[in-house]
Amino acid sequence: MSYEEIVTDVLSRIKPDDRDKKRIEESVSVVTSRLKDMNVEIHGSFRKGTWLKGDTDVDLFVFFPKEVGKDYLSKDGLREILERLKGLDVKLAYAEHPYVIVNVNNVEVDVVPALKVENGSQAITAVDRTPFHTGYVTSKLTEEGMDQVRLLKRFMKGIGVYGAEIKISGFSGYVSELLVIYYGSFLNVLRSSSSWRPPVELVLEGKSRDFDSPLVIPDPVDPKRNAAAAVSLKSIALFSLASRFFLREPSMEFFYPSSPQDREILGDVLVTELKVDQYVDDVLWGQIRRSVERMRANLTNSGFDVIDIGWCEDDTIKIFVQVESSEIGKYYLDQGPPFYLDSSIEFMNSNYHVWVGNDGRLYAIKKRKELDPFKIILDSISLKYKYSASQYKLTEAEDDCSRAFLRKRPLWLR
């Protein structure tokens, strides 16, 4: 398929029609009718016209005077919202402060308490800037521009870099909108990103300070904030490489990748499955990321050759640790200092099986403290939430999660 054919096909799948819009508006009206007399505004991609068919981001913001303060939102403000929504299918969710998810006819509406401020730079909580983001984006994007954002979002979802949450550390919806505004089109974003060399700085309206990030986009409504702060170097690299490959050989695989079929297990893959009690998503994944780094360091220090570590989430959280071998010897060679350093005396006194090598350094045979990689992995996990864990060596890859980890190769790369 040519680039034009692919874009036409993708847009036909992701661009909502009037029936989609009406269905969502009817669900939203059920919620807004309960919140009458409150300061309620619709925001998110639905309001900005950049939402994808079947993947709608409907955000209802309930604004309170900024004088009430942040604590009011998570207590009295939330209590009043819950009281108004009594009888509907609701559940609590957590970000910087709690908010409510309402399910109406299979449409999820996020009801978010926020503080009313006069401009983006006065924001007390992260969500207070939202109305100004909406105003900026809608003032800059035409109908065609909205479709260009849709294409970019679907591309980012297809290659796995969409979402600013810590689990992904990718591009937010707002950043994807800013990229299209800056470069003018989906195709121009790909052309430019394919030659990015971090740090990359894109200034739309001005900046008020320097940022230490691989991608810097000063927020047009609050220049002291980097709108792209959440985007990791890995996500930038994946996006840039995928853009380069797509421009060379366009394919639907970039937008809708096939399920991985790889089942060959190279080395030993040790799986730790976690079932975690109620948690705040970003807090949990921040703790998991730090735990994974400890795993890598602790396994390496214990003598295991770590190939890769990855994770995914379905019914449980799965952490995959791929090592050359899960079995290592009881003893290892410890290299000491050269003979002429004062520390050589201490090294000889603290080791029994010690000798001088031909290179003039001291060497000793030492016994490993831990031979069980599963125990090292488990001891490296530090979560503030209650959880249970099960561990096993992968012998057969039955799910997409495991097969994608074994494959390594990006799904969009044939």
Side-chain angles (χ1 to χ4, degrees), residues 159-161 166-170 232-235 237-238 241 257-276 279 284-335 353 363-383 385-414:
I159 64 173
V161 298
I166 289 177
K167 178 170 62 174
I168 298 172
S169 296
S232 68
L233 184 59
K234 179 180 179 180
S235 289
L238 279 170
L241 282 168
S258 304
S259 294
Q261 301 302 314
D262 300 65
R263 295 174 181 273
E264 183 182 8
I265 300 173
L266 305 179
D268 287 336
V269 177
L270 313 177
V271 185
T272 301
E273 285 196 46
L274 302 176
K275 290 186 177 180
V276 187
Y279 56 84
L284 173 66
W285 282 100
Q287 294 169 6
I288 287 177
R289 278 184 177 273
R290 289 188 289 274
S291 296
V292 163
E293 289 310 308
R294 279 193 296 272
M295 281 176 207
R296 189 187 303 276
N298 293 340
L299 285 166
T300 301
N301 291 338
S302 297
F304 293 92
D305 291 319
V306 179
I307 297 172
D308 190 19
I309 300 180
W311 57 78
C312 69
E313 183 179 22
D314 41 38
D315 295 334
T316 62
I317 294 170
K318 293 180 181 177
I319 300 174
F320 300 95
V321 177
Q322 189 172 25
V323 293
E324 286 190 15
S325 174
S326 57
E327 296 182 1
I328 54 176
K330 287 183 180 181
Y331 302 96
Y332 69 98
L333 174 67
D334 185 26
Q335 185 184 69
H353 300 284
Y363 292 88
I365 297 176
K366 287 191 174 181
K367 188 175 183 180
R368 299 189 191 279
K369 294 179 180 178
E370 183 57 67
L371 300 177
D372 183 1
F374 283 115
K375 186 175 186 308
I376 295 171
I377 291 168
L378 205 56
D379 289 345
S380 300
I381 297 173
S382 178
L383 305 181
Y385 301 101
K386 289 184 178 179
Y387 68 92
S388 60
S390 59
Q391 296 180 291
Y392 54 91
K393 184 186 290 186
L394 192 67
T395 56
E396 190 172 2
E398 294 289 347
D399 55 89
D400 284 354
C401 200
S402 303
R403 290 194 289 266
F405 180 77
L406 294 177
R407 176 185 168 93
K408 308 295 182 197
R409 189 179 182 86
L411 294 173
W412 41 264
L413 190 58
R414 296 173 184 174

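Counting begins at 1 with the first residue of the sequence.
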In this structure, CD1 of Ile159 is separated from CG of Leu413 (nearest 0.5 Å) by 12.0 Å
One should read off an interatomic distance between Leu299 CG and Asn301 CG, to the nearest 0.5 angstrom, of 9.0 Å
Using modelled atom types only, decide if a donor and an acceptor are shared between the side chain of Gln322 and the backbone of Gly267 within a distance under 3.5 Å.
no
Who passes salt bridge (charged side-chain N to carboxylate O under 4.0 Å, His left out) against Lys275, sequence neighbours left out?
none
For Leu406 and Ala397, work out which heavy atoms get closest and say how close.
CD1-CB, 3.6 Å
Taking Gln335 for the side chain and Leu333 for the main chain, is one N or O donor matched with an acceptor at less than 3.5 Å?
no
Is any side-chain heavy atom of Asp379 closer than 4.5 Å to a side-chain heavy atom of Asn298?
no
How would you list, by chain and number, every residue that makes a side chain to side chain donor-acceptor pair (under 3.5 Å) with Ser302, sequence neighbours excluded?
none
Distance (rounded to the nearest 0.5 Å) between Ile319 CD1 and Leu274 CG
4.5 Å
Qualifying residues under side chain to side chain donor-acceptor pair (under 3.5 Å), relative to Tyr279, sequence neighbours excluded
Glu313
Could you tell me if the side chain of Pro260 sits less than 4.5 Å from the side chain of Phe405, heavy atoms only?
no
What's the spacing between Met295 CE and Glu293 CD if we round to 0.5 Å?
10.0 Å
Are the side chains of Pro373 and Val321 in contact, using a 4.5 Å heavy-atom criterion?
no
Residues in side chain to side chain donor-acceptor pair (under 3.5 Å) with Arg294, at least two apart?
Ser291
Pairwise salt bridge (Lys or Arg N to Asp or Glu O under 4.0 Å) hits with a residue in residues 319-330, at least two apart
none
Over all heavy atoms of both residues, which pair between Ile168 and Gly160 is shortest? Give the atoms and the distance, please.
CG2-O, 4.0 Å
Tell me which pairs pass salt bridge (Lys or Arg N to Asp or Glu O under 4.0 Å) where either residue lies in residues 388-408, with sequence neighbours left out.
Asp262-Arg407, Asp268-Lys393, Asp308-Lys408, Lys318-Asp399, Asp400-Arg403
Ile381 side chain reached by Tyr387 side chain, heavy atoms, under 4.5 Å:
yes
When rounded to the nearest 0.5 angstrom, what is the spacing between CG in Asp372 and CG in Leu378?
9.5 Å
Shortest non-hydrogen separation from Phe374 to Val271 and the atoms involved
CE2-O, 4.2 Å
Is the Trp311 ring parallel, tilted or perpendicular to the Trp285 ring (thresholds 30°, 60°)?
tilted
